Amino acid sequence: MRALSTLFRVGQSLALICGTSHVVAASQQARGAGTGNSLDGRTYDYVIVGGGTSGLVVANRLTEDRRTTVLVIERGYFDNKPEAIVPWYGNLLDVGVIDFVPSAPNPKLGNAVSSVAVASVVGGGTVVNGMGYIRGSKADYDSWEELGNPGWGWRGLYPYFRKGTTFDPPTPAAVSQWNITWLPEAFGRGPLHLKIPSFQYPDIATFWRALRNQPGVAVPRGANVGNGPGAYWTPSTIDGRTETRATARSAYYDPVYAQRPNLHLVTGQTATEILFRPTSQGDLTAKGIRIVSRADNQTRNVYAKKEVILAAGSVMTPHLLQVSGIGPASVLGAANITVKKDLAGVGANYQDHATTMTRYSLSNQSFPNPDTIFLNATYNATVWAEYLSNKTGPIAGASATTLLLLSLPHLLNNSFSTAASLSSRLLAQPASQYLPEIYSSKPSLLAGFKAQRAILARNFKTNDLSLVAHALLGNGFFPGPLLKPLSRGTLYLNPSDPHSPPIIQFNTLMNPIDGENIASMVRHGRRFFASPEFAPLGEITELVPGSQYQTDKEILDVLTGNADYLWPSLAHPSGTCAMMPLRLGGVVGPDLRVHGVKRLSVVDASVIPLIPGGALQATVYAVAEKAADLIRARG
Ligand SMILES: Cc1cc2nc3c(=O)[nH]c(=O)nc-3n(C[C@H](O)[C@H](O)[C@H](O)COP(=O)(O)OP(=O)(O)OC[C@H]3O[C@@H](n4cnc5c(N)ncnc54)[C@H](O)[C@@H]3O)c2cc1C
Ligand SMILES: *[C@@H]1O[C@H](CO)[C@@H](O)[C@H](O)[C@H]1NC(C)=O
Ligand SMILES: *[C@@H]1O[C@H](CO)[C@@H](O)[C@H](O)[C@H]1NC(C)=O
Ligand SMILES: *[C@@H]1O[C@H](CO)[C@@H](O)[C@H](O)[C@H]1NC(C)=O
Ligand SMILES: *[C@@H]1O[C@H](CO)[C@@H](O)[C@H](O)[C@H]1NC(C)=O
Ligand SMILES: *[C@@H]1O[C@H](CO)[C@@H](O)[C@H](O)[C@H]1NC(C)=O
Ligand SMILES: *[C@@H]1O[C@H](CO)[C@@H](O)[C@H](O)[C@H]1NC(C)=O
Ligand SMILES: *[C@@H]1O[C@H](CO)[C@@H](O)[C@H](O)[C@H]1NC(C)=O
Ligand SMILES: *[C@@H]1O[C@H](CO)[C@@H](O)[C@H](O)[C@H]1NC(C)=O
């Protein structure tokens with residue numbers, strides 16, 4: 001990563017300005033953990049695997065009742081570096097606390113091998129992510145309910161989105177300068193603070209003039225109330241009280257652990273196996289977790305009286321299930337893992353937001369713009385000094401807070417009839433043709449995909465579902481994540497070394513309609529940047545893919561031929577333990593319990609049956625808030 005050289009100095013200043021809370025948290029971080037010896041053989045009401053986003057939310061809520069004991073097992077450590085605290089670092093990847101889990105060769109991307117980024121740190125993805133906060137649309141969550149999950153539609157989730165969040169407004173001066181709007185009713189008084197930063201780069205005003213005149217695109221006062229496509233101001237996970245990154249740790253762990261002797265968290269401990277109670281055949285009951293210490297390789301067992309809760313994320317949760325004997329028998333058999341429960345869906349249904357790195361150059365950008373920090377050392381020094389003394393300016397933010405969400409009709413130049421014909425073609429596809437091989441031998445997986453496809457095909461014809469989210473900073477960087485992929489991947493253990501990281505098969509662009517939608521996205525970008533409102537930005541040149549590429553094939557050939565142009569993952573892995581009925585290839589039910597296994601739940605991004613039309617963290621936080629209520633209610 002950039003910016004390593006002066007970290008130490010900045011770190012010292014930050015320790016002064018960021019207050020003592022993080023420092024205190026660091027020194028007392030793992031109460032009761034010690035070397036791990038004191039853990040061996042201990043029993044808690046709940047054992048949670050993964051002290052990341054969902055794990056810390058659930059741990060916080062379950063320990064509100066001081067009689068309930070919870071142990072959180074986290075393989076990473078507490079991170080008090082500036083990268084984990086200063087908002088601007090959301091621009092960079094903090095590779096020290098990220099694992100890159102490798103993929104298999106990706107057939108439609110020239111067999112390129114890539115990876116998915118997964119956090120390994122207390123707070124999980126929220127410590128390393130770009131901080132963008134956007135909920136999906138009503139249609140996104142209503143589709144979950146339609147897939148057999150009563151209570152998981154927008155109406156069921158909205159209270160949890162509100163419960164978890166507090167909105168910190170920008171300054172009145174910024175509100176009037178940039179015309180920033182939001183809907184206060186979208187938020188509550190929850191632990192996670194969200195903010196639209198007061199600092200904006202001046203050219204964003206030009207973008208807003210263009211956004212207000214996009215044919216067919218709504219410009220509502222605010223996002224996050226279930227509305228989908230449109231142009232919005234959206235917040236970032238930044239705590240306005242401290243102007244620092246708001247994470248699952250800072251929101252749900254640091255403020256409570258000192259008052260809760262019933263909340264235990266150990267770091268540097270990897271869960272390697274789910275332990276089951278020996279019972280008569282067909283009756284599988286989780287009783288605990290085997291953990292291995294990263295410090296000394298010591299193995300220990302910990303036990304859960306009530307439930308084992310998996311919150312290790314979409315990559316590691318299905319892997320842990322598989323190495324523990326829960327997953328498709330064929331996959332486990334190939335790795336010589338004894339099958340305890342043949343569950344077809346574990347590791348199937350992989351969805352992510354493959355992203356086209358579309359880029360334009362603008363010949364007449366204002367000063368400053370998002371690139372200035374990297375190019376002008378004087379400006380860089382000035383804005384860091386401003387942040388360190390006043391906590392204002394560009395270092396107090398990172399990701400774009402202007403978002404353009406577009407439906408399929410929007411991408412197709414507002415042609416509802418073209419969208420409808422694409423929808424019909426989708427439904428006419430032989431469903432198994434573009435799916436991973438395992439879908440052919442498992443009728444439930446195929447049925448689940450068909451159910452998803454029917455919903456997507458219906459929503460594709462409307463302006464209710466977002467197919468792409470362009471996050472705009474006020475420059476020519478215009479990445480396009482494909483929010484509603486039809487291709488499905490798999491995530492299976494490595495048969496020759498089951499305990500090594502799993503192998504992801506992204507299967508990007510396997511379904512040709514995904515490619516069509518990417519080409520439509522590129523064409524929409526061309527129409528957008530041709531808007532007359534952009535004239536002050538000077539000459540606009542399309543750098544990626546390049547305006548000489550016109551047909552779908554030409555556009556896709558360029559994008560798929562260069563690993564920098566089309567990323568198979570935007571670090572949004574989802575769906576690998578989908579919440580759907582068994583007959584649809586699901587892994588957990590609407591109560592989040594693993595089908596056919598007792599005392600075992602999943603609460604992380606892997607339960608998402610259909611990936612939402614927006615970045616993931618807002619959804620993961622809300623799922624975890626609801627999960628805690630469900631688990632608490634069954635006592
Ligand atoms: C680089 C990056 C950028 C992103 N940008 C954005 C963004 O701007 N906006 C947005 O909305 N979303 C973003 N996301 C996605 C979002 O942060 C994640 O979807 C979300 O945090 C996932 O939450 P989770 O609880 O499912 O998993 P995580 O938060 O990843 O938590 C899983 C935890 O389990 C631990 N763990 C895993 N295996 C084991 C094991 N065997 N034993 C013990 N512990 C284990 C991990 O170390 C981790 O702490 C980004 C993600 C990344 C990685
Ligand atoms: C900007 O300043 C920060 C803090 O001093 C420093 O870490 C970083 O390297 C600088 N970046 C550039 C591009 O000069
Ligand atoms: C804000 O809105 C006013 C009135 O609609 C408009 O004149 C002005 O250009 C807008 N400013 C920006 C930065 O969008
Ligand atoms: C733990 O075991 C692994 C694999 O056997 C080995 O590579 C590593 O060095 C060990 N670590 C420690 C701290 O003993
Ligand atoms: C670099 O930044 C400084 C401080 O903001 C500014 O005065 C100067 O004009 C900038 N230089 C260029 C070439 O933009
Ligand atoms: C901090 O804010 C004050 C008051 O607005 C201003 O005078 C000062 O220059 C700022 N400091 C820095 C380093 O920008
Ligand atoms: C988009 O639609 C408008 C209005 O129907 C039409 O004038 C324009 O030519 C179309 N643009 C393209 C590139 O198809
Ligand atoms: C699985 O077990 C069989 C028989 O015990 C053995 O021959 C084979 O090599 C094992 N395969 C793997 C991948 O370990
Ligand atoms: C360049 O942008 C400035 C405003 O930042 C504007 O005054 C000027 O007219 C623009 N130049 C061109 C050639 O468009």
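This one's a predicted model, so the numbers in the text were calculated from it and none came from an experiment. Atoms within a ligand are numbered from 1 in the order they appear, just like the ligands themselves.
- In this structure, Lys138 places its NZ atom where only 12 or fewer heavy-atom neighbours from other residues, nucleotides or ligands lie under 6.0 Å away.
- With sequence neighbours left out, the salt bridge (charged side-chain N to carboxylate O under 4.0 Å, His left out) criterion links Arg61 to Glu64, Glu625.
- Considering CZ of Phe100 and OG of Ser569, their distance stands at 10.0 Å, rounded to 0.5 Å.
- Polar contact check, Leu93 against ligand 1: no nitrogen or oxygen pair lies under 3.5 Å apart.
- Contacts of Lys340 classified as salt bridge (charged side-chain N to carboxylate O under 4.0 Å, His left out), with partners at least two apart in sequence or in another chain: none.
- Nearest protein heavy-atom neighbour of atom 36 (N) of ligand 1: Arg75 NE, 3.6 Å.
- Considering backbone and side-chain atoms together, Val49 places no N or O closer than 3.5 Å to any N or O of ligand 1.
- Side-chain atoms of Ser399 and Ser236 include a donor-acceptor pair closer than 3.5 Å.
- Any N or O atom pair closer than 3.5 Å counts here, and Gly76 shares no such pair with ligand 1.
- Taking 4.0 Å as the cut-off between side-chain N and carboxylate O, Asp79 and Arg249 do not count as a salt-bridged pair.
- For atom 50 (C) of ligand 1, the closest non-hydrogen atom of the protein is Asn129 CB, 3.3 Å.
- Below 3.5 Å of separation, one finds no N or O of Thr270 facing any N or O of ligand 1.
- The shortest N or O to N or O distance between Met131 and ligand 1 is under 3.5 Å.
- Residue Ala605 has at least one nitrogen or oxygen atom sitting less than 3.5 Å from a nitrogen or oxygen atom of ligand 1, judged on distance alone.
- For ligand 1, the polar-atom distance check against Gly130 finds a nitrogen or oxygen pair separated by under 3.5 Å.
- Classification of Asp629 and Arg632 as a salt-bridged pair holds, one side-chain N sitting under 4.0 Å from a carboxylate O.
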For this session: Would you check, one step at a time, whether the test side-chain hydrogen bond (donor to acceptor under 3.5 Å, both in side chains) holds for Asp352 with His572?
Result: CA-CA 5 Å; Asp352 205 321; His572 295 169; 5.0 Å; no

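- Nearest protein heavy-atom neighbour of atom 38 (N) of ligand 1: Met316 CB, 3.3 Å.
- In this comparison of Pro573, Gly90, Ala119, the heavy atom closest to atom 46 (C) of ligand 1 sits on Ala119.
- Inclusion of Thr53 in the set of residues having an N or O under 3.5 Å from an N or O of ligand 1 is warranted.
- Under the salt bridge (charged side-chain N to carboxylate O under 4.0 Å, His left out) criterion, Arg599 pairs with no residue, sequence neighbours left out.
- Polar contact with ligand 1: absent for Ser314 (N/O pair, distance under 3.5 Å).
- Atom numbering of ligand 1 starts at 1 in the shown order; those under 4.0 Å from a heavy atom of Gly313 are 26 (O), 27 (O), 32 (C).
- Residue Trp182 qualifies as enclosed at atom CH2: its count of foreign heavy atoms under 6.0 Å is above 12.
- Judged purely by distance below 3.5 Å, without hydrogens or angles, the side chains of Thr206 and Asp203 never pair a donor atom with an acceptor atom.
- The protein atom (non-hydrogen) at minimum distance from atom 42 (N) of ligand 1 is Ala271 N, 2.8 Å.
- Of the protein's non-hydrogen atoms, Glu74 OE1, 3.3 Å is the one closest to atom 35 (C) of ligand 1.
- Ser366 counts as a contact of ligand 9, since one of its heavy atoms falls under 4.0 Å from the ligand.
- Exactly one of His193, Gln617, Lys195 qualifies for a side-chain contact (heavy atoms from CB on, under 4.5 Å) with Thr237. That residue is Gln617.
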For a distance cut-off of 3.5 Å, show me each N or O of ligand 4 paired with any protein N or O, plus the separation.
{"residue": "ligand 4", "atom": "2 (O)", "partner": "Asn297", "partner atom": "ND2", "Å": "2.2"}
{"residue": "ligand 4", "atom": "11 (N)", "partner": "Asn297", "partner atom": "ND2", "Å": "3.0"}
{"residue": "ligand 4", "atom": "14 (O)", "partner": "Asn297", "partner atom": "ND2", "Å": "3.3"}

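- Considering each of Ser569, Gly125, Ser236, the one bringing a non-hydrogen atom nearest atom 28 (P) of ligand 1 is Gly125.
- Among all non-hydrogen protein atoms, the one lying nearest atom 52 (C) of ligand 1 is Ala571 CB, 3.4 Å.
- Ring geometry, Tyr158 versus Trp154: the interplanar angle falls under 30°, so the pair is classed parallel (tilted spans 30 to 60°).
- Of the N or O atoms in Ala618, none lie within a sub-3.5 Å distance of an N or O in ligand 1.
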For this session: Show your reasoning for whether side-chain hydrogen bond (donor to acceptor under 3.5 Å, both in side chains) applies to Arg135 and Tyr133.
Result: CA-CA 7 Å; Arg135 300 167 188 164; Tyr133 181 95; 3.0 Å; yes

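- Considering only non-hydrogen atoms, atom 32 (C) of ligand 1 lies nearest to Ala311 out of Gly50, Ala311, Gly124.
- Atom 19 (O) of ligand 1 has as its closest protein heavy atom Leu616 CB, 3.3 Å.
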